[in-house]
Amino acid sequence: MVAEGDLFVSSPDEVAHKLRVLRDHCDDVGRDYAAIRKTVLYMDPSGTLDGFAEAMAEYAELGIGEAIVATPGGAPDQWIERHVAPAARALAGLEQHHPAAVSDAGTS
């Protein structure tokens with residue numbers, strides 16, 4: 001089992017399945033599913049983060065409140081400046097559509 005609430009995934013469909021399994025296990029043992037912080041590990045093989053905000057909107061719909069972005073090899077500081085900063089600006093628009101998921105992510 002991975003760390004509580006972390007979801008190593010390849011797609012929103014896979015996350016939805018894993019969340020259903022998690023909810024069922026919580027029901028079985030009497031654990032509050034809503035109290036579990038849910039996080040995805042996001043890896044974009046292109047390294048560009050194109051479509052990142054759209055992907056995060058899909059995960060937010062599923063109740064994911066945090067994403068860990070894995071950097072490609074090379075110079076992570078330059079990659080962050082070139083790709084993460086624009087992606088963060090794009091994510092700012094998600095708060096209008098998914099305020100709970102966006103605000104939950106900032107509380108950890």
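All values below were derived from every heavy atom in this structure, side-chain atoms included, with hydrogens, water molecules and symmetry-related copies excluded.
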Practice problem: Can you measure from CZ (Arg82) to CG (Asp77) and round to the nearest 0.5 angstrom? | Solution: 9.5 Å
Quiz item: Which pair of non-hydrogen atoms, one from Pro12 and one from Leu62, has the smallest distance, and what is that distance?
Solution: O-CD1, 3.4 Å
Exercise. Step by step, work out the side-chain contact (heavy atoms from CB on, under 4.5 Å) result for Leu19 and Tyr33.
Key: CA-CA 9 Å; Leu19 291 174; Tyr33 171 83; 3.5 Å; yes
Self-check item: Glu54 side, atom CD; Leu91 side, atom CG - distance, nearest 0.5 Å
Solution: 9.5 Å
Self-check item: Intermediate values then yes/no, side-chain contact (heavy atoms from CB on, under 4.5 Å), Val15 and Glu58
Solution: CA-CA 10 Å; Val15 170; Glu58 290 183 69; over 6 Å; no
Exercise. Go through Met56 and Tyr42 one step at a time and tell me if the side-chain contact (heavy atoms from CB on, under 4.5 Å) criterion holds.
Key: CA-CA 9 Å; Met56 292 304 102; Tyr42 184 85; 3.5 Å; yes
Exercise. Identify the two heavy atoms, one from Pro76 and one from Thr71, that lie closest to each other, and give their separation to 0.1 Å.
Key: CB-OG1, 4.1 Å
Practice problem: Could you please spell out the steps behind the side-chain contact (heavy atoms from CB on, under 4.5 Å) verdict for Arg23 and Asp27? | Solution: CA-CA 6 Å; Arg23 184 181 297 275; Asp27 290 345; 4.1 Å; yes
Exercise. Could you pull out the closest heavy-atom pair between Ile36 and Cys26, with the gap in Å?
Key: CD1-SG, 3.6 Å
